[in-house]
Amino acid sequence: MDINLVPPGHVVAVAAKVLPYLQESAEWSKGRSSLDDIVHFVLSGQMQLWVVFEDAQCYGHIVTEIKQYPQAKFLTIQYCAMEPGTMSAVEDKMQAYAEHFAREVGCVGIKFVGRPGWRKTANQYGYELHSVTYQKIFKE
């Protein structure tokens, strides 16, 4: 199993295989982003699509964004959805590839917001816990 950054010109070629995972990310966003929004971000080059695959079968995705702050750039993981158990199969490669990419484009680090259960995995790759984001969704 592997994970690779999809060059912008090849996004359309993998779109059909990764669409169910992008839809899952849209649903997890709780109304902040639609599937169309995420696809637009990737097709426009605002965000980068990484696909998890094995033997031409897609098992998930990660979508990153290069965020420019006043004094530095960070690679930010914005969306992630995979088949159960897939992350453990690709996390070493994902971390290495993402760090290489981030450094290559001038980022000073990588950041993401995740559930508290990510702490153990994140710590093993050198991330430090600074905050956890919680949300309340108002019911209509």
Side-chain angles (χ1 to χ4, degrees):
M1 197 164 285
D2 206 352
I3 182 167
N4 279 325
L5 176 63
V6 179
H10 295 157
V11 170
V12 173
V14 301
K17 291 181 179 180
V18 77
L19 226 58
Y21 303 103
L22 294 173
Q23 178 61 45
E24 188 176 333
S25 286
E27 290 167 9
W28 268 93
S29 82
K30 303 294 185 201
R32 289 185 299 273
S33 302
S34 69
L35 175 61
D36 288 343
D37 296 328
I38 298 170
V39 170
H40 171 76
F41 294 147
V42 170
L43 287 174
S44 71
Q46 180 179 343
M47 295 184 185
Q48 305 79 40
L49 176 64
W50 303 73
V51 175
V52 178
F53 65 93
E54 184 174 61
D55 299 326
Q57 174 70 33
C58 181
Y59 289 89
H61 83 284
I62 295 173
V63 175
T64 58
E65 182 177 16
I66 300 165
K67 297 285 276 185
Q68 178 66 59
Y69 294 92
Q71 303 298 318
K73 285 193 289 189
F74 275 81
L75 183 66
T76 303
I77 299 171
Q78 297 289 20
Y79 305 99
C80 179
M82 297 179 195
E83 291 295 322
T86 300
M87 181 59 83
S88 61
V90 296
E91 66 186 354
D92 288 339
K93 289 178 184 179
M94 179 194 74
Q95 293 294 329
Y97 295 169
E99 184 171 335
H100 176 79
F101 175 76
R103 290 176 183 274
E104 195 172 82
V105 298
C107 293
V108 298
I110 301 171
K111 65 181 215 160
F112 65 95
V113 175
R115 58 182 172 71
W118 274 97
R119 185 175 186 173
K120 182 179 176 186
T121 298
N123 285 349
Q124 91 181 25
Y125 291 102
Y127 293 87
E128 297 175 1
L129 179 65
H130 284 265
S131 62
V132 175
T133 300
Y134 293 91
Q135 66 182 12
K136 178 178 181 178
I137 304 299
F138 295 113
K139 307 289 184 205
E140 291 187 28

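Quick note: residue numbers are just sequence positions, from 1. Keep in mind that the numbers below use all heavy atoms, side chains included, and drop hydrogens, waters and symmetry copies.
- Side-chain contact between L43 and V12 is present, with at least one heavy-atom pair separated by less than 4.5 Å.
- Residues Y59 and M1 form a side-chain contact, since some pair of their non-hydrogen atoms from C-beta on lies under 4.5 Å apart.
- For the atom pair F53 CZ and N4 CG, the distance stands at 4.0 Å (nearest 0.5 Å).
- Both V14 and F41 are members of a single hydrophobic cluster when ILVMFWY side chains are connected at heavy-atom separations under 4.5 Å.
- Following chains of ILVMFWY side-chain contacts shorter than 4.5 Å, one cannot reach M82 starting from V51, and the two form parts of different hydrophobic clusters.
- Closest heavy-atom contact between M87 and C80: CE-SG, 3.8 Å.
- Judged as a salt bridge (charged side-chain N to carboxylate O under 4.0 Å, His left out), the pairs with a partner in residues 2-11 (not counting sequence neighbours) are, in order, D2-K93.
- Side chains of Y125 and M94 form no contact here, defined as non-hydrogen atoms less than 4.5 Å apart.
- For the atom pair S29 OG and D37 CG, the distance stands at 8.0 Å (nearest 0.5 Å).
- The CG atom of L19 lies 10.0 Å from the NE2 atom of H61; values are rounded to the nearest 0.5 Å.
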Taking distance alone, no hydrogens or angles, what donor-acceptor pairs closer than 3.5 Å link side-chain atoms of residues 98-114 to residues at least two apart or in another chain?
| residue | atom | partner | partner atom | Å |
| --- | --- | --- | --- | --- |
| E99 | OE2 | R103 | NE | 2.9 |
| E99 | OE2 | R103 | NH2 | 2.9 |
| H100 | NE2 | E104 | OE2 | 3.2 |
| K111 | NZ | Y69 | OH | 2.5 |

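- Side-chain polar atoms of T64 and Q48 form a donor-acceptor pair below 3.5 angstrom.
- The shortest distance between side-chain heavy atoms of I3 and E91 does not fall below 4.5 Å.
- Residues K67 and Q78 have side chains in contact (heavy-atom distance under 4.5 Å, counting atoms from C-beta outward).
- Contact annotation: the side chain of L22 never approaches that of V42 to less than 4.5 Å [non-hydrogen atoms, C-beta and beyond].
- By the rule that hydrophobic residues join a cluster once side-chain heavy atoms approach within less than 4.5 Å of another member, L5 and I38 end up as members of separate clusters.
- Residues Y79 and I77 do not share a hydrophobic cluster, clusters being chains of Ile/Leu/Val/Met/Phe/Trp/Tyr side chains in contact below 4.5 Å.
- At a cut-off of 3.5 Å, with distance as the only test, a side-chain donor of Y21 or E83 sits close to an acceptor on the other residue.
- With values rounded to the nearest 0.5 angstrom, L35 atom CG is found 12.0 Å from E24 atom CD.
- Side-chain contact between S25 and V63: absent, with no pair of heavy atoms (C-beta onward) separated by less than 4.5 Å.
- Linking ILVMFWY residues whenever their side-chain heavy atoms come closer than 4.5 Å, directly or via other members, leaves V52 and M47 in distinct clusters.
- Once rounded to the nearest 0.5 Å, the distance linking OG of S34 with NE2 of H40 reads 10.5 Å.
- A 6.0 Å sphere centred on CD of Q57 holds more than 12 heavy atoms belonging to other residues, nucleotides or ligands.
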